[in-house]
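Hydrogens, waters and symmetry mates are skipped; everything else that's a heavy atom, side chains included, is used. Model, not experiment: these values are computed from the prediction. Every chain is numbered from 1 and lettered A, B, ... according to where its sequence line falls, protein lines coming before strand lines.
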2 protein chains.
Amino acid sequence: MPLSKSLNFEQPCPIRDVLDRIGDQWSLLVLHSLQGEPRRFNELLREIGDISKQMLSKTLKRLEQDGFVTRTLYAEVPPRVEYALTELGSSFLVPMQQLVDWAKANHGGIVEARQTYTPADNSWQQPR
Amino acid sequence: MPLSKSLNFEQPCPIRDVLDRIGDQWSLLVLHSLQGEPRRFNELLREIGDISKQMLSKTLKRLEQDGFVTRTLYAEVPPRVEYALTELGSSFLVPMQQLVDWAKANHGGIVEARQTYTPADNSWQQPR
DNA sequence: TTTTGATAGTCTATTTTGTAGACCTATGGC
DNA sequence: GCCATAGGTCTACAAAATAGACTATCAAAA
């Protein structure tokens, strides 16, 4: 989580900085859901399904801070809030789509690997 | 973390499954470090810098399970263990590189967004 | 009139994760 | 004999995520 706990005096490494942001379990999923039209808070909650309100809230706030999404509050009752991708956010979806395509193409290989996996023999570690 | 807690009877969604795997704070960094030559456990530990032994161990084990890396134990003393990318792992670096390139290109925009960000006014929420 | 419902969150108690650091094996060097 | 090394594991503690209650406001249902 710290962008760099270890000897880092200059600006944070861009790669590390960005990976830390998107590599947090939910951001990618949220960005993915935001594709196309803007979404409301509860819509995202339902679409993603197994995210908690708190995490969705935090994730959106961070994405907003970092300029990936905008948050628009309509002063209605009950209140309506819409989240939409910014240009930066949209541009991010391009490389991310490559990743999603890779996932689709290689999911089978992963599942197969999981099945044929046998845990390593670390007998030199465990005195028996 | 669950691949799908909510109504999911069929096979897990490939996207979700893969994103869950790589979206875990360390996997991407580890794969990135593994680029080029194989690495030993402590090399990775030093290169990444702020990962704990336990998390590196867990991450590598999962990457191995999923067929992204191989683990080779040389029966020497002290023991030597080398981690290397499989073909699957290498192929994953292609889309990931796109992402890294995006990160480099857009890091400035993100930093800028962070600076100009002002927290939302949720006064309708908080009675004062 | 009181109740219910909807929205977008926040707050809190509990569970899950991650961290730091001690510890384990065997051997070689001093 | 004692320390160092490599690759982990184990444990006690700290940090983070979860579920569910709770907030406000107004409209419609009962």
Chemist: Check every strand shown and say whether A:E76 touches a base, only sugar-phosphate, or nothing at a heavy-atom separation below 4.0 Å.
Modeler: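 No contact.
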Chemist: C:dG9 phosphate, OP1 or OP2: any side-chain N/O from A:R71 under 4.0 angstrom?
Modeler: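 Affirmative; the distance criterion is met.
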Chemist: How do B:N42 and A:K53 order along DNA chain D: which one's closest nucleotide is nearer the 5' end?
Modeler: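 By nearest-heavy-atom nucleotide position, the 5'-most residue is B:N42.
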Chemist: Measure CG/A:L56 against P/C:dA8 and give the value in whole Å, please.
Modeler: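 Between P of C:dA8 and CG of A:L56: 10 Å.
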Chemist: Using whole Å, report how far CE of B:M55 lies from P of D:dC10.
Modeler: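 About 16 Å, once rounded to whole Å.
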Chemist: Look at A:E112 together with A:R114 and state whether they make a salt bridge at an N to O cut-off of under 4.0 Å.
Modeler: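 Salt bridge: no.
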Chemist: Between P on D:dG7 and CD1 on B:I48, what's the gap in Å once rounded to a whole number?
Modeler: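 Interatomic distance, CD1 of B:I48 to P of D:dG7: 14 Å.
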Chemist: Counting heavy atoms from C-beta on, name the nucleotide in D:dG7, C:dT12, C:dG9 closest to the side chain of A:F41.
Modeler: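 Between D:dG7, C:dT12, C:dG9, the one nearest the side chain of A:F41 would be C:dG9.
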Chemist: Side chain of A:V77, heavy atoms from C-beta onward: which of D:dT18, C:dT7, D:dC26 has the nearest atom to it?
Modeler: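 Nearest listed nucleotide: D:dC26.
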Chemist: May I have the distance from B:E47 (atom CD) to D:dG7 (atom P), rounded to whole angstrom?
Modeler: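 Spelled out: CD on B:E47 to P on D:dG7 is 13 Å.
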Chemist: Check this for me, if you would: do B:E82 and B:R39 make a salt bridge, where the nitrogen-to-carboxylate-oxygen distance has to be below 4.0 angstrom?
Modeler: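 No, this pair does not count.
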Chemist: On DNA chain D, nearest-nucleotide positions of B:R40 versus B:K58: which is more 5'?
Modeler: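 Result of the comparison: B:R40.
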Chemist: Salt bridge or not for B:D20 and B:R62, using N-O below 4.0 Å?
Modeler: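 No, B:D20 and B:R62 are not salt-bridged.
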Chemist: Using OP1 and OP2 only, check whether a side-chain N or O of B:R80 sits under 4.0 Å from D:dG8.
Modeler: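 For D:dG8, neither OP1 nor OP2 has a side-chain N or O of B:R80 closer than 4.0 Å.
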Chemist: Given atom CD of A:E82 and atom C1' of C:dA8, what is their separation to the nearest angstrom?
Modeler: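 Interatomic distance, CD of A:E82 to C1' of C:dA8: 13 Å.
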Chemist: Starting at atom CG of B:L45, determine the distance to atom C1' of C:dT19, rounded to an integer number of angstrom.
Modeler: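 After rounding, the reported distance stands at 12 Å.
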Chemist: Examine A:L34 and A:L73 and state if one hydrophobic cluster contains both, with Ile, Leu, Val, Met, Phe, Trp and Tyr joined whenever side-chain heavy atoms are less than 4.5 Å apart.
Modeler: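 Yes.
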Chemist: Considering only side-chain heavy atoms of B:P79, which listed nucleotide, D:dG7, C:dT12, C:dA8, is closest?
Modeler: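 It is D:dG7.
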Chemist: May I ask you to verify if any side-chain N or O of B:S57 is less than 4.0 angstrom from the OP1 or OP2 atom of D:dT9?
Modeler: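 Yes.
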Chemist: What is the nucleic acid contact for B:Y83, judged by heavy atoms within less than 4.0 Å: base, sugar-phosphate only, or nothing?
Modeler: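 Sugar-phosphate only.
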Chemist: Rounded to whole Å, please give me the gap between CD1 in B:I51 and P in D:dA15.
Modeler: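 These atoms are roughly 19 Å apart.
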Chemist: Write down the distance between CG (B:L73) and P (D:dG8), rounded to a whole number of angstrom.
Modeler: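 Atom-to-atom, B:L73 to D:dG8, this comes out as 8 Å.
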Chemist: Per the atom types in the model, does the base of D:dT11 pair as donor or acceptor with the side chain of B:Q54 at under 3.5 Å?
Modeler: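 Answer is yes: a donor-acceptor pair is held.
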Chemist: Counting heavy atoms from C-beta on, name the nucleotide in D:dT5, C:dA20, C:dG9 closest to the side chain of B:S52.
Modeler: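 Per side-chain heavy atoms of B:S52, the pick is C:dA20.
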Chemist: Could you check whether the rings of B:F68 and A:W102 sit parallel, tilted or perpendicular, using 30° and 60° as the cut-offs?
Modeler: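 Judged by the thresholds at 30° and 60°, the geometry between B:F68 and A:W102 is tilted.
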